[in-house]
Amino acid sequence: MVVSQIGRYVREYPERERLHEDREITLAVVAKNPNLLEYACDELKDDKEIVLAAVGAGGNCFRFASERLRGDEEIALSAVARFYGNYSF
């Protein structure tokens, strides 16, 4: 993936469903706009590296992680540290 395309992917991610299953693009997109985790396919919402990248970038994206990863201590603590509102999830 070309770095200059990340901005385009961030803009297009919600509407382009084929991007929702691309691990590399999703990882780059959620690092720039963590709330786009909402649109990722279920498999990627259950990918620890992707969810950590999203919660590490901030935002209220913890709620979009899989149930299994919402129960992961490392991810939960990172999410709460970045955005206290995640505590309710």
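The side-chain heavy atoms of Val51 and Leu37, taken from C-beta on, include a pair separated by under 4.5 Å. Residues Asp72 and Lys48 meet the side-chain proximity criterion, which asks for heavy atoms closer than 4.5 Å. Side chains of Val30 and Thr26 form a contact here, defined as non-hydrogen atoms less than 4.5 Å apart. In this structure the side chain of Glu74 reaches within 4.5 angstrom of the side chain of Leu52, judged on heavy atoms. Annotation: side chain of Ile6 is not in contact with side chain of Val29 (no heavy-atom distance under 4.5 Å). A heavy-atom distance below 4.5 Å is found between the side chains of Cys61 and Val55.
The aromatic rings of Tyr13 and Tyr39 stand perpendicular to each other, their planes meeting at an angle above 60°, with 30° marking the opposite boundary.
In this structure, the separation between OH on Tyr9 and CZ on Arg16 is 7.0 Å, given to the nearest 0.5 Å. To the nearest 0.5 angstrom, Glu21 atom CD is 10.0 Å from Asp42 atom CG. Rounding to the nearest 0.5 Å places CG of Leu36 at 12.0 Å from CD of Glu12. The CG atom of Leu19 sits 5.0 Å away from the CD1 atom of Ile25 when rounded to the nearest 0.5 Å. Taking CZ of Arg11 as the reference point, atom NZ of Lys32 lies at 12.5 Å (rounded to 0.5 Å). Asp22 CG to Glu17 CD: the interatomic distance, rounded to the nearest 0.5 Å, is 14.0 Å.
The two residues Ala31 and Ala57 have their closest heavy-atom pair at O-CB, 3.5 Å. Residues Glu49 and Asp47 come closest through the heavy atom pair N-OD1, 3.0 Å. Pro34 and Gly58 get closest at one heavy-atom pair: CG-O, 2.8 Å.
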* Leu69 and Phe62: CA distance, side-chain angles, deciding distance, side chain to side chain contact (heavy atoms under 4.5 Å, CB included) verdict -> CA-CA 9 Å; Leu69 291 182; Phe62 182 65; over 6 Å; no
* Start with the C-alpha gap between Arg68 and Asp46, add the side-chain angles, then the distance that decides, and say whether side chain to side chain contact (heavy atoms under 4.5 Å, CB included) holds. => CA-CA 7 Å; Arg68 180 183 75 86; Asp46 194 50; 2.9 Å; yes
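With respect to the salt-bridge test (charged N to carboxylate O, under 4.0 angstrom), the residues Glu38 and Lys45 do not qualify. Remark: Arg23 does not engage Glu43 in a salt bridge, criterion side-chain N to carboxylate O under 4.0 Å.
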